[in-house]
Amino acid sequence: MAVPLGPRETGKFITENSKHVFVDKEGVRSLAEKLFEKIGRKEITLKGWKSLHELNPQGSGEDAVNWVFFADTLNFSFWSEHEDKKFLVKYKGTEYSGYWSFCAAMNRALDEGIPLTTASYYSNITMAQLKHVLRSDSNYPIPMLEERLEVLHQTGKILLEKFGGSFLNCLKMSDRSAVKLMQLVVENFPSYRDEGIFQGKKVAFYKRAQILVGDTWAVLEGKDEGSFYDIDKITMFADYRVPQTLLHFGVIRYSEELVKKLKEGLLFQNGDREEMEIRGCSIWAVELINEHVQELFKKKGGKISHEVNPILINNFLWDFARDNRKAVDVVPFHRVRCIYY
């Protein structure tokens, strides 16, 4: 089987051949200038992963790394069919929805003494146990529970067999290369193999594998095993929320036909052309934003900045979508049920 294009090359190839989604150069420039100012004011930093998100692990040890691995193994499909029918979790006095309801459920289980992030536990977790761990405080359960159980069993067994039951061992094999870690994850864990065919070419988005690298980098604060020398080679994480923010800021544009389908609530299949165009153009748009921000740093100080990369840009865009739901929901997100995002 042919080796797929990497995520960055995938983004460029799809953008060059897209029929429904378009990257707008003026939108790229405009948002890059806004981000450049925010970076200068220290509003976009690696530390924000912990300081802005209280549910993320605040430590940097092996337990924190294994928390990240468990979270990103199940980091897919949290969207609700209807606005008033959401999977909700109350934790320490706060009610969470979406991805954060899942993180709250994880932390609730760990507080209850359930060894949730231990591979020997989740490789054999029963449906009854998983239902208890991911129980909702609303009348609406987390989507795709059967798929989550299957992914946990498969992933847990591989982690035990190949990496001594700890993601830290996989991380140590990466030799501080973010790209090598991504490849190790994709090669060894089938549920992370987020690939497809676009116009006859094998392409790869690797949303969960890349967010796993990004979250590992963040939880370790870019230190020790997390001091990746090539972290800027990881692209944005092609999901359903970040494209909404890019659309909101005029960085990408959709055809009228695609907007109509989105407003009608069409359920796309993973691998549909429109779905791949949204994801691919989002990757390339963020690459161009990053390049433009770096050019602004060069003009200011004569060199590129390590204070920004596609991961940090992605995190800002994702948080923006969460915090400005009404603004970004003018055009609904593309609806897909799959294990990849």
Side-chain angles (χ1 to χ4, degrees), residues 43-80 86-119 121-122 125 129-138 140-145 148 151-152 155 167-168 171 207-223 226 236-237 239-242 245 311-312 314-325 328 339 341:
E43 290 175 29
I44 300 174
T45 65
L46 175 57
K47 288 180 179 175
W49 191 87
K50 288 183 178 181
S51 64
L52 297 176
H53 303 299
E54 69 279 0
L55 294 174
N56 284 337
Q58 299 301 305
S60 296
E62 186 173 9
D63 286 348
V65 170
N66 282 321
W67 186 100
V68 162
F69 182 69
F70 182 94
D72 286 326
T73 293
L74 294 190
N75 188 352
F76 57 83
S77 207
F78 298 109
W79 58 272
S80 308
K86 290 182 173 179
F87 166 60
L88 301 172
V89 173
K90 290 173 188 162
Y91 180 67
K92 293 188 175 177
T94 302
E95 186 174 73
Y96 297 93
S97 65
Y99 169 70
W100 295 117
S101 57
F102 164 63
C103 294
M106 279 182 65
N107 290 343
R108 178 180 64 188
L110 291 167
D111 289 352
E112 291 171 356
I114 298 169
L116 186 63
T117 59
T118 304
Y121 176 78
Y122 64 77
I125 192 170
Q129 288 170 324
L130 189 60
K131 277 183 176 174
H132 172 74
V133 165
L134 298 178
R135 66 191 182 276
S136 179
D137 287 311
S138 69
Y140 306 99
I142 192 170
M144 301 185 79
L145 200 58
R148 293 180 200 280
V151 165
L152 282 181
T155 305
F167 184 61
L168 186 61
L171 174 59
K207 184 265 180 178
R208 286 200 296 111
Q210 292 204 115
I211 202 170
L212 173 58
V213 175
D215 288 350
T216 301
W217 177 61
V219 80
L220 295 176
E221 299 172 25
K223 298 170 187 167
M236 63 79 73
F237 317 132
D239 71 346
Y240 48 89
R241 281 298 183 192
V242 172
T245 307
I311 294 175
L312 296 178
N314 174 96
N315 293 350
F316 166 80
L317 296 169
W318 193 85
D319 286 346
F320 185 93
R322 181 201 59 180
D323 297 339
N324 299 274
R325 195 56 56 83
V328 301
I339 67 167
Y341 66 99

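No experiment lies behind these values; they were computed from the predicted model shown.
Of the N and O atoms on the side chains of W67 and N56, not one donor lies less than 3.5 Å from an acceptor on the other residue.
To the nearest 0.5 angstrom, D319 atom CG is 9.5 Å from I44 atom CD1. Here the NZ atom belonging to K207 is positioned 10.5 Å from the CG atom belonging to L212, to the nearest 0.5 angstrom. From F87, atom CZ reaches atom CZ of R135 across 10.0 Å, with rounding to the nearest 0.5 Å. With rounding to the nearest 0.5 angstrom, the CG atom of N75 is 7.5 Å from the SG atom of C103. Rounding to the nearest 0.5 Å places CG of L52 at 7.0 Å from OG1 of T45.
Checked by atom type and distance alone, the side chain of N107 pairs as donor or acceptor with a backbone atom of L55 at under 3.5 Å. K50 contributes a side-chain N or O that, together with a main-chain N or O of G59, makes up a donor-acceptor pair within less than 3.5 Å. For the pair S101 (side chain) and G98 (backbone), a donor-acceptor distance under 3.5 Å is present. A donor-acceptor pair under 3.5 Å is formed between the side chain of S136 and the backbone N or O of L88. With hydrogens and angles ignored, the 3.5 Å screen pairs no side-chain donor or acceptor of R108 with any backbone N or O of K90. Judged by distance alone, the side chain of N66 and the main-chain N or O of F167 form a donor-acceptor pair under 3.5 Å.
Of all heavy-atom pairs spanning A105 and V133, the tightest one is CB-O, 3.5 Å. The heavy-atom pair separating Y240 from F78 by the smallest distance is OH-N, 3.2 Å. Across all their heavy atoms, I142 and L145 have their closest contact at CG2-CD1, 3.7 Å.
Under the 4.5 Å side-chain criterion, counting only non-hydrogen atoms from C-beta, V89 is not in contact with W100. In this structure the side chain of Y122 never reaches within 4.5 angstrom of the side chain of T73, judged on heavy atoms. Two residues are said to be in side-chain contact when any heavy atoms from C-beta on lie closer than 4.5 Å; F76 and R148 meet this criterion. Side-chain contact between L74 and M106: absent, with no pair of heavy atoms (C-beta onward) separated by less than 4.5 Å.
Geometric assessment of R241 against the ring of Y341 yields a negative cation-pi assignment under the 6.0 Å and 45° thresholds.
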